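None of these values were measured; they are calculated from a predicted model. Every number for a ligand or one of its atoms is a count from 1 in the order of the listing.
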Amino acid sequence: MARQRGILVIGATGTTGRQVVAQSLEAGAEVRATARDPGAAGLPGGVEVVRGDLTDPDSLRAPLDGVEAVFLLWPFATAEGMPAVLDAIATRARRVVYLSSAAVRDHERRIERMIERSGLEWTFLRPHAFAANTLRWAGRIRAEAVVREPYGAAAMPPLHERDLAAVAVRALLGDGHEGATYELTGPETLTQAEQAGVIGEVIGRPVRWEETSPEAARQRMLADGWPPGAVDGVLRAQAGMVAEPRAATATVEAVTGVPARTFRTWVTGHADRFRTP
Ligand SMILES: NC(=O)c1ccc[n+]([C@@H]2O[C@H](COP(=O)([O-])OP(=O)(O)OC[C@H]3O[C@@H](n4cnc5c(N)ncnc54)[C@H](OP(=O)(O)O)[C@@H]3O)[C@@H](O)[C@H]2O)c1
């Protein structure tokens, strides 16, 4: 990788961002990270953690000083607010790697268009479902070795956050990724019920899939505080993956030179989250 310095990771405390920070440090980059509460970020030594809030673009000016490339995620369901953030980035940095999504929802497509017009060098990451999404089953698995969800037949190739981050770090630090849009998946398509089965095999305790109605899942997610739009989006996507299983792409290996990690590998690395203490 040619360039080895000056990146800012926005969303550094999240599933993907933590890996982007760790792998960028390993690659020898100078890494700065934003968090809304730097004191609680729990990031490794060697990374400069500064306060930054995407809803307050002025708060990003100091973090962006002297930075060459930015890892950007946008944890909102609207593009509103993005122009000011992009302006702050484009006046200071040269390159942005944006964590979009394979669903390319309206706001994500709008953000991609804004970035294309920003004058920045850009790379778009469009991941399919994260393997880490199965952590939402962890409580029930620990308690009763069961997953109660709809759409057990929904089939997708779950993506390890390390692989997503590995592609991000190549695009942040290396050349040849400008203008690329990477659709990223794990290496194999599994139904949700099969994923529960793999978790059971890894933890040595069979995990049962108990199909519930979409409406029951909807009510539970709303009770858990999910925004209605997000609930409907997730359930609609899962229904779509019953009718039309998502196929794996070879993009992780094409970009990193290393095959994407399997779902079983991901579960093995997170098995403690599913085991009864
Ligand atoms: N899950 C999937 O299957 C999937 C698939 C495709 C795409 N995606 C996309 O991936 C993104 C989420 O990535 P992730 O799962 O790695 O993140 P995550 O674990 O959900 O963490 C969210 C991150 O966003 C930061 N954040 C939240 N509000 C912020 C604000 N106002 N200003 C600055 N930072 C803020 C948080 O930082 P602090 O709280 O420390 O400030 C945290 O680091 C979303 O855009 C989602 O659409 C997800």
Are His107 and Glu112 close enough that a side-chain donor and a side-chain acceptor fall under 3.5 Å?
no
Would Asp106 and Arg109 pass as an ion pair if we require N to O under 4.0 Å?
no
Using atom types as modelled, flag every donor-acceptor pair under 3.5 Å from a side chain in residues 192-202 to any protein atom, sequence neighbours excluded.
residue : atom : partner : partner atom : Å
Gln192  : NE2  : Tyr151  : O            : 3.0
Glu194  : OE1  : Thr191  : N            : 2.8
Gln195  : NE2  : Leu190  : O            : 3.2
Glu201  : OE1  : Arg264  : NH1          : 3.2
Glu201  : OE1  : Arg264  : NH2          : 2.6

Less than 4.0 Å from some atom of ligand 1, heavy atoms are found in residues Gly11, Ala12, Thr13, Gly14, Thr15, Thr16, Ala35, Arg36, Gly52, Asp53, Leu54, Thr55, Leu73, Trp74, Pro75, Phe76, Leu99, Ser100, Ser101, Arg105, Glu108, Pro127, His128, Ala129, Phe130, Asn133
Under the side-chain contact (heavy atoms from CB on, under 4.5 Å) test against Ile89, which residue among Val67, Leu60, Leu72 passes?
Leu72
What donor-acceptor contacts under 3.5 angstrom involve side-chain atoms of residues 34-52, with partners at least two apart or in another chain?
residue : atom : partner : partner atom : Å
Asp37   : OD1  : Gly39   : N            : 3.3
Glu48   : OE1  : Arg32   : NE           : 2.9

Side-chain polar contacts of residues 237-247 - donor-acceptor pairs under 3.5 angstrom, sequence neighbours left out - could you list them?
residue : atom : partner : partner atom : Å
Arg246  : NH1  : Glu244  : O            : 2.7

